[in-house]
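Encoded as structure tokens, the structure appears first; notes follow it.
Positions are given from 1, in the same order as the sequence printed here.
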Amino acid sequence: MDTKYIFVTGGVVSSLGKGIISASIGKLLQARGYKVTIQKFDPYINIDPGTLNPYEHGECYVTEDGFETDLDLGHYERFTGIHTTRHNSITTGRIYKTVIDRERHGDYLGKTIQVVPHITDEIKRRMLREDEQDEELDFVITEVGGTIGDIESAPFMEAIRQLRWQLGRDAVCVHLTYVPYLKAADELKTKPTQHSVKELQGMGIQPDILVLRTERHLSDAIRLKVASFCNVDLECVVQSEDMSSIYEVPVSMQRQGLDAAIMRKIGIPVGETPAMKPWHEFLEKQRNATKEVHIGLVGKYDLQDAYKSIRESLNLAGIYNDVKARIHFVNSEELTTENVATQLDGMAGIVICPGFGSRGIEGKIIAAEYGRTHDVPTFGICLGMQMMVIEFARNVLGYKDANSAEMDAQTPHNVIDMMEEQKSITQMGGTMRLGAYDCELREGSRAAEAYQDPCGKTARHTTIRERHRHRYEFNNQYKKEYEQAGMQCVGINPAADLVEIVEIPEKRWYIGTQFHPEYSSTVLHPHPLFVSFIKACF
């Protein structure tokens, strides 16, 4: 069949969960046997979120092909298992840069360049994924960031309006809105939704399906009222109530017939409702997990979304170990040798978070020392792994002035340093090692054991492939000293001989990875390192 297009927009307020709804739609269509991809269009002018402070936009998610993207792509991958690429994350900045570069190149033959048609044409081209002609997709789901009425979103809305006419029944618009509850009046209010839909209609777009975010259950009378005032079929008004887990959302959407409504709008026979057995089995494990394991998350960003993929990876790993991972943020800027025992008291495991820059690194080094000397399972990721390496150099190898060249360019013991071929590059992001790279595991290591098959008999891979986002590396000049002193370099990139994984075998679980395993953890396939780490915590 021809590719079908689903556009997901949001109204009333931001942060309603468009990414979760988009991922849920993708999962439900996958369960029906369709090949799906999901893409995010963000209205900000940055080229990508790679240089954004996490307080601005949450974590930066990295695709296998090395593109820095919006955190919603993490939801897409965790829900559906698809591998997103640079083509799944588009910003206004990328759109404008493409058009301006073409204009400078003379591709427009001297014409006046305008938002309509040149910017909107480029948006449409990207929404239709014309650069990906080799793809064979049944559905392309496009989530547009921001809220209806934002000035920044106007070109995207105009592009969707044009595509709706161009594609006919091959396109569907799903609009997510908010139905607030007024406690004083004891009433749920539909007026914000009506205004949001009116705004959308004013742009020439009639939504086909409405998803109503609500903290209270909506009666059929309220749904009928919304349907009547918004010109939407009653069966196409579904509610998204607060759930105990975001992974319950696809089941709730399926129960209300969201996927069936989409298929009817497009003109595809609905057929039987998929059983989604593996997903339900996962949810059952989640509900039955009652024992709690407390994990200290040591980082400098006291923000849920700053370490979103790590938090979700820990949660998923906990569920597959039949426990609930209770995550406690520990601010590395406030961590000292005097208070570390108090701050980490009761933690069954420690995760030392990634990041950039010198802020909070001494606290991460202190946490690494506490985990090593008290034999608390400790997992260092990217910068976290580098802090484990520095701590070992200072307190075991005896190099008290050991540091990373990123933090102290003059350190005489640069146990973390930049690769020689990168030192002449000055452009921001130019020295970054981004995307998936191979890593060969040392046989018999704790890391290799973690990657074994479920029966623990044979290694699933002698060579694994994981995603990176960093600039500095383990300095191989010190490799022999580390191994003689007890920290083993058990994961090596075969192409560049770079250290990817370090561990101390004599400890219960003390592993650092230069890569980001959290980017590869999904609902049905949790990352083996996280599963192994949580298992070691109880």
Within a radius of less than 6.0 Å around [atom1] of [X], do more than 12 heavy atoms belonging to other residues, nucleotides or ligands occur?
{"X": "Gln477", "atom1": "CD", "value": "no"}
{"X": "Lys479", "atom1": "NZ", "value": "yes"}
{"X": "His525", "atom1": "NE2", "value": "no"}

Looking only at the side chains, is there a donor atom on one of [X] and [Y] sitting less than 3.5 Å from an acceptor on the other?
{"X": "Thr378", "Y": "Trp509", "value": "no"}
{"X": "Glu449", "Y": "Ser445", "value": "no"}
{"X": "Gln514", "Y": "Tyr437", "value": "no"}
{"X": "Arg94", "Y": "Ser89", "value": "no"}
{"X": "Tyr76", "Y": "Glu143", "value": "yes"}
{"X": "Thr142", "Y": "Gln39", "value": "yes"}
{"X": "Tyr399", "Y": "Glu481", "value": "yes"}

message: side chain to side chain contact (heavy atoms under 4.5 Å, CB included) for Phe79 and Ile20? Distances and angles first, verdict last.
response: CA-CA 9 Å; Phe79 276 60; Ile20 301 298; 4.2 Å; yes
Just how far is it from atom [atom1] of [X] to atom [atom2] of [Y], taken to the nearest 0.5 Å?
{"X": "Ser24", "Y": "Tyr247", "atom1": "OG", "atom2": "OH", "answer": "10.5 Å"}
{"X": "Ser404", "Y": "Tyr472", "atom1": "OG", "atom2": "OH", "answer": "6.5 Å"}
{"X": "Leu529", "Y": "Arg446", "atom1": "CG", "atom2": "CZ", "answer": "11.5 Å"}
{"X": "Thr84", "Y": "Ile38", "atom1": "OG1", "atom2": "CD1", "answer": "9.5 Å"}
{"X": "Tyr61", "Y": "Lys40", "atom1": "OH", "atom2": "NZ", "answer": "14.0 Å"}
{"X": "Asn476", "Y": "Asp497", "atom1": "CG", "atom2": "CG", "answer": "5.0 Å"}

Quick one: closest heavy-atom pair of [X] and [Y], and the distance?
{"X": "Thr522", "Y": "Gly81", "answer": "CG2-CA, 4.4 Å"}
{"X": "Ser521", "Y": "Pro526", "answer": "OG-CA, 3.4 Å"}
{"X": "Ala485", "Y": "Val396", "answer": "CB-CG1, 4.1 Å"}

Do [Y] and [X] meet the salt-bridge criterion of a basic N to acidic O distance under 4.0 Å?
{"X": "Arg287", "Y": "Glu284", "result": "yes"}
{"X": "Arg129", "Y": "Glu135", "result": "yes"}
{"X": "Arg359", "Y": "Glu333", "result": "yes"}
{"X": "Glu473", "Y": "Arg433", "result": "yes"}

task: Walk me through it: do Ser309 and Glu59 pass the test side-chain hydrogen bond (donor to acceptor under 3.5 Å, both in side chains)?
output: CA-CA 8 Å; Ser309 291; Glu59 78 168 0; 2.5 Å; yes
query: Can you list the steps and then say if Leu397 with Tyr482 is a side chain to side chain contact (heavy atoms under 4.5 Å, CB included)?
result: CA-CA 8 Å; Leu397 300 183; Tyr482 272 90; 3.7 Å; yes
Can I get a per-line list of side-chain donor-acceptor pairs under 3.5 Å for residues 300-308, giving both atom names and the distance, sequence neighbours left out?
from, atom 1, to, atom 2, distance (Å)
Lys300, NZ, Phe356, O, 2.5
Tyr307, OH, Lys300, N, 3.0
Tyr307, OH, Tyr301, N, 3.2

- request: Assess Arg467 against Tyr519: is NZ or CZ under 6.0 Å from the centre of the six-membered ring, and within 45 degrees of the ring's axis?
  value: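 Output no; distance or angle outside limits.
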Side chain proximity check, [X] to [Y], heavy atoms < 4.5 angstrom:
{"X": "Val531", "Y": "Asn321", "result": "yes"}
{"X": "Thr463", "Y": "Leu441", "result": "no"}
{"X": "Met243", "Y": "Val249", "result": "yes"}
{"X": "Asp48", "Y": "Thr69", "result": "no"}
{"X": "Leu176", "Y": "Arg213", "result": "yes"}
{"X": "Pro494", "Y": "Asp438", "result": "yes"}
{"X": "Met276", "Y": "Gln254", "result": "yes"}
{"X": "Thr37", "Y": "Ile141", "result": "no"}

Just checking [X] against [Y], ring centres under 6.0 Å apart?
{"X": "Phe379", "Y": "Tyr510", "value": "no"}
{"X": "His468", "Y": "His516", "value": "no"}
{"X": "Phe533", "Y": "His527", "value": "no"}

- request: Please lay out, stage by stage, how Lys291 and Asp322 fare under the test side chain to side chain contact (heavy atoms under 4.5 Å, CB included).
  value: CA-CA 8 Å; Lys291 181 181 177 182; Asp322 300 315; over 6 Å; no
task: Take Asp65 and Arg86, measure what salt bridge (charged side-chain N to carboxylate O under 4.0 Å, His left out) needs, and give me the verdict at the end.
output: CA-CA 7 Å; Asp65 64 339; Arg86 65 188 61 241; 3.2 Å; yes
- prompt: For His374, does its backbone N or O pair with a side-chain atom of Lys507 as donor and acceptor, under 3.5 Å?
  reply: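 No; zero donor-acceptor contacts below 3.5 Å.
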field: Donor-acceptor contact present, side-chain Glu503 to main-chain Ala447, <3.5 Å
entry: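 Answer holds: yes.
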message: Name the residue from Ile504, Ile365, Ile352, Leu383 that meets the side-chain contact (heavy atoms from CB on, under 4.5 Å) definition with Met388.
response: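 So, applying the side-chain contact (heavy atoms from CB on, under 4.5 Å) to Met388 and each of Ile504, Ile365, Ile352, Leu383, only Ile352 qualifies.
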- request: May I have the step-by-step check of side chain to side chain contact (heavy atoms under 4.5 Å, CB included) for Thr336 and Asn339, ending in yes or no?
  value: CA-CA 5 Å; Thr336 65; Asn339 68 16; 3.2 Å; yes
message: Restricting to side chain to side chain contact (heavy atoms under 4.5 Å, CB included), what partner residues turn up for Ala409, sequence neighbours left out?
response: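 If we apply the side chain to side chain contact (heavy atoms under 4.5 Å, CB included) test to Ala409, skipping adjacent residues, there are no hits.
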message: Run the side-chain hydrogen bond (donor to acceptor under 3.5 Å, both in side chains) test on Ser245 and Gln286 for me, step by step, so that the C-alpha distance in whole Å, both residues' side-chain angles and the decisive distance to 0.1 Å come before the verdict.
response: CA-CA 9 Å; Ser245 162; Gln286 183 179 44; 3.0 Å; yes
- request: Test Lys27 against Glu77 for salt bridge (charged side-chain N to carboxylate O under 4.0 Å, His left out), laying out the working first.
  value: CA-CA 10 Å; Lys27 184 65 197 175; Glu77 292 203 10; over 6 Å; no
Salt bridge (charged side-chain N to carboxylate O under 4.0 Å, His left out) between Arg372 and Glu391, worked out: CA-CA 9 Å; Arg372 180 179 61 81; Glu391 185 279 323; 2.7 Å; yes
- request: Please assess Glu362 against Arg394 for the test salt bridge (charged side-chain N to carboxylate O under 4.0 Å, His left out), listing each intermediate value before the final yes or no.
  value: CA-CA 12 Å; Glu362 291 301 325; Arg394 291 181 181 180; 3.1 Å; yes
